[in-house]
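Start at 1 and go down the list; that is how both ligands and their atoms are numbered. All residue numbers in this chain count up from 1 along the given sequence.
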Amino acid sequence: MKFFLDTANIEDIKKYAAWGIVDGVTTNPSLIAKEGVDLKTRIMEITEVVDGPISTEVLATDLDGMLTEAREYAAWHKNIYIKLPTTENGLKALSILSKEGIKTNMTLVFNPGQALLVAKAGANLVSPFIGRLDDISEDGMNLIQEIVQIYENYNFDTEVLVASVRHPRHVIDSARIGADVCTMPGAILEKLLHHPLTDQGVEKFLADWEKVKDLQK
Ligand code: G3P
């Protein structure tokens, strides 16, 4: 399973890239706004830290605007994936951009029908937002299961990128199902890594070693 960082915070990206497990980065307008930075400047900074897909989302909602932004962003760097909303214009833009060889990540996916349509139109990545489904008492993980099964049935090349991840169990369950990618903030990577028994174990080993360290040659 690939791990993407779901943030535009460059310090977090540098920190977790150093763990050696970051395969890409996803951003969106809210994450860029949270950092209060220029979009292109920040995206280019990210490309210098992570050598993998960097999702950059269009702001336009009309077809021509989406295409203009997508082509501009794609020219910035070879690793840019264009994030498009799964709307009618987003689907049309996807169909055009995929024929041009521009990499895409179809976002704001909430049902398997949307996932099926974007796979047929040639999306490279599909982003089901599982946390936002859980928030409205639906089962986000069930959506991942359905999409993975549909894509396997027809050998679609589109990769399933689990997004809107809220806790480590989402990551584990996605891995059990066989989703291709999980994108998450650093806080969830921290929760995946740390366990109090690990920390206690290290402390105990060191305390015991203290008793015999002067005997070492
Ligand atoms: O990658 C999409 C993700 O950022 C959305 O997460 O927490 O805003 O639902 P959230």
- Message: Counting only heavy atoms not in E88 (residues, nucleotides, ligands), do more than 12 fall under 6.0 Å from its CD?
- Response: no

- Message: Side chains of D12 and T7: any donor to acceptor distance under 3.5 Å?
- Response: no

- Note on the structure: Taken in chain and number order and not counting sequence neighbours, the residues that satisfy salt bridge (charged side-chain N to carboxylate O under 4.0 Å, His left out) with R132 are none

- Query: Just checking, any donor-acceptor pair under 3.5 angstrom between side chains of N105 and N124?
  - Reply: no

Output, or 'none' if empty, a list of ligand 1-protein atom pairs in which both atoms are N or O and the distance is under 3.5 Å, rounded to 0.1 Å.
| unit_1 | atom_1 | unit_2 | atom_2 | d |
| --- | --- | --- | --- | --- |
| ligand 1 | 1 (O) | D6 | OD1 | 3.1 |
| ligand 1 | 1 (O) | D6 | OD2 | 3.2 |
| ligand 1 | 4 (O) | D6 | OD1 | 3.4 |
| ligand 1 | 4 (O) | D6 | OD2 | 2.6 |
| ligand 1 | 4 (O) | N28 | ND2 | 3.3 |
| ligand 1 | 7 (O) | R166 | NH1 | 2.7 |
| ligand 1 | 8 (O) | R132 | NH2 | 2.8 |
| ligand 1 | 9 (O) | R132 | NE | 2.7 |
| ligand 1 | 9 (O) | S164 | OG | 2.7 |
| ligand 1 | 9 (O) | R166 | NH1 | 3.2 |

- For H170, does its backbone N or O pair with a side-chain atom of H167 as donor and acceptor, under 3.5 Å? yes

- Side chains of L125 and T158 in contact at under 4.5 Å (non-hydrogen atoms): no

